[in-house]
Every structure is written in C-alpha cells, then in structure tokens.
2 protein chains.
Amino acid sequence: MLQLSKKVEYGLIALRHMAMKPNGNVVTTKELANEYDLPYELLAKIMQKLVKGGVVRSLQGVKGGYTLAQKPSELKVASIIRIIEDSKPMVAECYTDGPDGCYLFYNCTIRRPLGKLQRNLNVLFDRMTVQEII
Amino acid sequence: MLQLSKKVEYGLIALRHMAMKPNGNVVTTKELANEYDLPYELLAKIMQKLVKGGVVRSLQGVKGGYTLAQKPSELKVASIIRIIEDSKPMVAECYTDGPDGCYLFYNCTIRRPLGKLQRNLNVLFDRMTVQEII
DNA sequence: ATAATGTCCGACCCCACAAGTCCTATATTC
DNA sequence: GAATATAGGACTTGTGGGGTCGGACATTAT
C-alpha cells in the first residue's frame, strides 16, 4: 500500500553504492548483486533503465560496468522513480491517464483535494536526492 | 506505483458524501453505490471497516444506514488509510514488519534515508482531513 | 408474524502486475 | 578467440487488489 517498488529500492541501493565509490570507478551488476544479495537479472534490467534515463553511464565488455553520469546531489529520487517505473509517483491514476483512465473522472469528488496531496508528494520526492542517502 | 488503493478512494468519497449531509442524516450503501457508481459489495465492506474503526456509526434494519461518528475536521486521511488498509501508508514494508519482513533489513543501506521520506509522508497524511475535501 | 430492507461477515474468484528467470546477442579486453 | 561485461526480448510465477456471492442478523412497516 503506497509502497515504493522493489525495483526502485534496488535502484536506489545501487546508486547509493556508486555514489560512495571514488569518481570514475566502475561498478558491475555482479558486484552489486553479490554485495547486497539482489537478484542479478532483475538488477541488470534496472541498471539498463538507469542508463537510458541518463542517470548512469555504461561501459561494455570485460572491465566494463557502470558509473554515475551525474552528481549525487543532482539525482532526484523523483527522477529515479520516473525512470524505473516509467511514471511519476502518483496518488491516483487519474493524474497520469486523464479522463480515459478513470470512469469516475468527471463526477469524482475527491480528485481536486487529492491533487493537493499529489503536489505535496511531488515536492517531497523532488527535494530528496541520492546525496542524502549516502 | 505508490498509489492509494481504490478502497481508500471509495472510502473517502463516501465520507465526503456523509460530511456534506445535514448532521444525523443516515446514508445507505445503496445510495452511495448508486450516486457514485461504485461496486456495492466492496463499498459495503469498506463501510464496515469504517464502523470498526470508529469513524462512522451504523444503524441496522430498515431505515438503517451510516452516520459520521466524528467531525469531518477530526477525520484525518492517515487514519482512514490505516483503518481501511489495516496499516499506515508506508514507503517500504520494512517499516511495518521490522526485521522479519525484509531479508535485507540489517544490511539495507537505504532504510534510514527512506525513514526521512516516511516521516514527511506521515505529516502529509496526518494534516489532511475530510473537512478539506468537502 | 412476516415481508421488506438494511447491515454484517466469511468465503471465494479473477486477473493485472510486480518480481524474478532464462536465453541469446553484442561489445570489449587480454 | 576465450572470458566477461552489458543489452534486451520472452517467459514464468506469486501475490494482492478488486470484485462477487451467499447467508445471517437487525429493524421497521404492514
């Protein structure tokens, strides 16, 4: 209920790990999976998403791996969630999908008030960065 | 992702509806289900939970129904969620279940930082009341 | 008293989606 | 060219949210 997904958790753990390494130091999926006992393949997928999201850079081949593409202080948790989940953290689907996503939409009486909650939530996730979880 | 459940949404809609009725006016599940086109049985379950949670009072029999047991300004959204979901809104399960709930627990590197997020979230849901969604 | 109409509540189904797995292709190093 | 890394599509599995059904009990009206 209202929880972050495992994917996001794993992603944050990985990013934190990288943020603590000396700059430019590559980290492999294997290393991460071993260190934190995370499912390798799943983590690999997450890392690939982070690459596409521009959060980390990848180096292929032997001696390959990942490095941060941005400073930890610039990596907003909100962005990480958006990249990994393909959507912002939302309190209700109607804020993403619009009228088509919810058959109540037009006569939904709690949409506006929830909007307030949503905005506060946005602020929360926008403020927090990877820097803070080191 | 991080969404409120339908149950909570329905519950809020119902409470709002009741909050707008003249004091002491009973509202039936049927009336609510029709008015907002919500699944009757599910809504009934939710209402029962709200009764157990002390948020609404029930009157059985013909002419029965529900009335608010508290002022709308006293009905915190946080409480509603807790009552309907049997748990507080949590960003990660480890905050409810403790060590047994997550095999990472002791070497989880993001638990403490997420705790900050959690506390902020608590404040958010504690501040908002049914009064505000009228 | 009995029919009508409401709550109460346990048991159940369904399915979308999160979580995790498997397999193959491609890049890089030595 | 062998070893080791990422890239990525396809697949399986498990769980929980959402929804349904059926019957018991309470109250009122006739």
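The structure displayed is predicted, hence computed values, not measured ones. Just so we're on the same page: letters track the sequence lines, and every chain starts at 1.
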So what does A:Lys49 touch, heavy atoms closer than 4.0 Å: a base, only the sugar-phosphate, or nothing?
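No contact.
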
Let's test your reading of the model: under 3.5 Å, does the base of C:dT21 pair with the side chain of A:Lys45 as donor and acceptor?
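Side chain to base: pair present.
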
Where the side chain of [X] is concerned, which of [options] is the nearest nucleotide?
X       : options               : result
B:Glu41 : D:dG19, D:dC21, C:dT7 : D:dC21
A:Gln60 : D:dT4, C:dA27, D:dG19 : C:dA27
B:Tyr66 : C:dG20, D:dC21, C:dT7 : C:dT7
B:Lys52 : C:dT7, D:dG18, C:dC9  : C:dC9
A:Lys63 : C:dT29, C:dT7, C:dG20 : C:dT29
A:Thr29 : D:dT6, C:dT7, D:dG18  : D:dT6
A:Gln48 : C:dT5, C:dA19, D:dA7  : D:dA7
B:Lys30 : C:dG6, C:dA19, D:dA7  : C:dG6

Does a side-chain N or O from [X] land closer than 4.0 Å to OP1 or OP2 of [N], or not?
X       : N      : answer
A:Tyr10 : C:dG20 : yes
A:Tyr40 : C:dG20 : no
B:Thr28 : C:dT7  : no
A:Ser58 : D:dA7  : yes

Salt bridge present between A:Arg111 and B:Glu9 (N-O < 4.0 angstrom)
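Salt bridge flag = no for B:Glu9 with A:Arg111.
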
Need to verify one output field. Residue with the more 5' nearest nucleotide on DNA chain D, B:Gly61 or B:Glu85?
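That would be B:Glu85.
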
If I take atom CG in residue B:Leu42 and atom C1' in nucleotide C:dC12, what distance separates them, rounded to the nearest angstrom?
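Rounded to whole Å, this separation is 14 Å.
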
Side-chain donor or acceptor of [X] paired with backbone N/O of [Y] under 3.5 Å:
X        : Y        : value
A:Lys76  : A:Asp126 : no
A:Gln60  : A:Gly65  : no
A:Glu85  : A:Arg82  : no
B:Gln118 : B:Val91  : yes

Taking the nucleotide of DNA chain C with the closest heavy atom to each, which residue, A:Val8 or B:Met47, is nearer the 5' end?
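The residue mapped nearer the 5' terminus is B:Met47.
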
